[in-house]
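Bear in mind that the values here come from a model prediction, so they are computed numbers and not experimental data. The figures that follow rest on heavy atoms only: side chains count, while hydrogens, waters and symmetry mates do not. By convention in this document, chain letters (A, B, ...) are assigned in the order of the sequence lines, proteins followed by strands, and residues within each chain are numbered from 1.
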There are 2 protein chains.
Amino acid sequence: MADDPRLELLQGTLDMLILKALQREPLHGFGIVSHLDKLSAAAVRVEQGSLYPALYRLEEQGWVKSEWGVSETNRKAKFYSLTAAGRKRFAVETEQWRRMSRAINLILQST
Amino acid sequence: MADDPRLELLQGTLDMLILKALQREPLHGFGIVSHLDKLSAAAVRVEQGSLYPALYRLEEQGWVKSEWGVSETNRKAKFYSLTAAGRKRFAVETEQWRRMSRAINLILQST
DNA sequence: GCGCTTACCTAGAACATCTAGGCAAGCATG
DNA sequence: CATGCTTGCCTAGATGTTCTAGGTAAGCGC
């Protein structure tokens, strides 16, 4: 792992990105992955093995809720949507992200 | 941990920040911590329990080297400095950081 | 010599993410 | 109708980083 390409997500950002993806409309797991992939120009690639545990985490916390339905391609799929608490949580996480990334950039820009 | 203040570092950024701190001059462990604390206006707080394992990691990879010396306050201290490989590594990590944070901000800014 | 601070070090837990699979069902093709 | 591709969900286990929570030692001021 010394010299891996490091496409991995920064830890702690996955939850935030998922919440963001659900901000517009409910999506199923597969949809979340392709949504993020598209938006980030493939810079962010979420593995399913990371996604589903994250979704359960979010659901357990009450930030998203799920409902079985039928996908656009006529397969059964579990649709996740934001709860009110989830919207609040999203605001909190983005604020933390901004603060942390600002601090890091500050350090990087110092002489 | 659901509602902790989350002052924790984003995973993967610690190494980069340490390398950055050593860019100007060799520092001992204690010095690195206070340096980062000062530069980030206390937004980044590195615990010693995180720092030392990270330093050993960096040394093992050949990105920093260490030498025993005497601190400004006349105590013995181990001074860490960047190697040539460490400088290269720092460039790689900052590039990765920039790419990832750009991608995340892109996603956050989407409608 | 006592307490404070600087300074180093470690073991263990917690946690997120990735790897690497497996399962099932729709759909198209022959 | 069988085969294969794709969509879609799910899990176990490994890996790696960071944090918690300690301990040790030595200089300095009083």
Side-chain angles (χ1 to χ4, degrees), chain A residues 1-19 26-37 44-61 64 66-80 93 96-97 100 104, chain B residues 1-19 26-37 44-61 64 66-80 93 96-97 100 104:
Chain A
M1 98 264 12
D3 40 12
D4 63 357
R6 268 281 203 177
L7 293 166
E8 292 143 29
L9 272 174
L10 290 163
Q11 186 169 319
T13 58
L14 178 55
D15 290 9
M16 176 177 70
L17 294 178
I18 291 175
L19 294 176
L27 289 172
H28 48 74
F30 219 80
I32 294 174
V33 170
S34 49
H35 185 73
L36 292 178
D37 195 63
V44 170
R45 196 165 301 129
V46 180
E47 305 299 328
Q48 293 196 1
S50 311
L51 177 72
Y52 289 109
L55 282 172
Y56 305 147
R57 216 160 47 222
L58 295 175
E59 188 165 19
E60 200 181 343
Q61 309 274 0
V64 306
S66 64
E67 206 177 353
W68 282 98
V70 176
S71 79
E72 321 77 52
T73 57
N74 202 34
R75 279 162 181 90
K76 85 173 146 78
K78 203 192 261 180
F79 285 83
Y80 290 88
E93 296 211 359
Q96 287 171 349
W97 161 256
M100 277 302 309
I104 289 173
Chain B
M1 98 266 8
D3 41 11
D4 64 355
R6 267 283 202 178
L7 292 165
E8 293 144 26
L9 273 174
L10 289 162
Q11 186 168 320
T13 57
L14 177 56
D15 290 10
M16 176 177 68
L17 294 178
I18 293 175
L19 295 176
L27 290 171
H28 49 74
F30 219 80
I32 294 173
V33 170
S34 49
H35 185 73
L36 292 178
D37 196 62
V44 169
R45 196 164 304 128
V46 180
E47 305 299 330
Q48 293 194 2
S50 310
L51 177 74
Y52 290 108
L55 282 172
Y56 304 147
R57 215 159 48 223
L58 295 175
E59 188 164 22
E60 201 182 343
Q61 308 274 1
V64 306
S66 63
E67 206 175 354
W68 282 100
V70 177
S71 79
E72 322 77 51
T73 57
N74 201 33
R75 280 163 180 89
K76 86 174 145 73
K78 202 192 261 178
F79 285 82
Y80 289 88
E93 295 209 1
Q96 286 171 349
W97 160 256
M100 278 302 308
I104 288 173

Nearest-nucleotide 5' precedence on DNA chain C, A:Asp15 against A:Thr73: A:Asp15
Side chains of A:Glu72 and A:His28 in contact at under 4.5 Å (non-hydrogen atoms): yes
Between D:dC19 (P) and B:Leu10 (CG): distance, integer Å: 10 Å
Between P of C:dT19 and CG of A:Leu51, the distance in whole Å: 15 Å
Closest contact, heavy atoms only, B:Leu55 versus B:Val64: O-CG2, 4.1 Å
Interatomic distance, A:Lys78 NZ vs C:dA24 C1' [rounded to whole Å]: 15 Å
Given C:dG26, D:dC10, C:dA7, the nucleotide with the shortest approach to the side chain of A:Trp68: D:dC10
N or O in side chain of A:Tyr52 less than 4.0 angstrom from D:dC9 OP1/OP2: yes
side-chain N/O B:Tyr56 vs C:dC9 OP1/OP2, d < 4.0 Å: yes
Interatomic distance, A:Glu72 CD vs C:dG26 P [rounded to whole Å]: 15 Å
Interatomic distance, B:Glu67 CD vs C:dA7 P [rounded to whole Å]: 17 Å
Any A:Met100 side-chain heavy atom under 4.5 Å of B:Val44 side chain: yes
Closest to the A:Arg75 side chain, choosing from D:dC9, C:dC9, D:dT7: D:dT7
Minimal non-hydrogen separation, B:Ala54 against B:Ile18, with atom names: CB-CD1, 3.7 Å
Out of D:dG8, C:dC8, D:dC9, whichever nucleotide has its closest atom nearest the side chain of B:Gln48: C:dC8
First encountered from the 5' end of DNA chain D, between A:Ala77 and A:Gly49: A:Ala77
Nearest heavy-atom neighbours spanning A:Tyr52 and A:Phe30: OH-N, 4.1 Å
Rounded distance (Å) that lies between atom P of D:dT15 and atom CD of A:Glu47: 18 Å
Side-chain N or O of A:Ser71 closer than 4.0 Å to phosphate OP1/OP2 of D:dT7: no
For atom NE2 of B:His28 and atom C1' of D:dA26, their distance in whole Å: 14 Å
Nearest-nucleotide 5' precedence on DNA chain D, B:Pro53 against B:Lys76: B:Pro53
For atom CG of B:Leu58 and atom C1' of D:dT17, their distance in whole Å: 12 Å
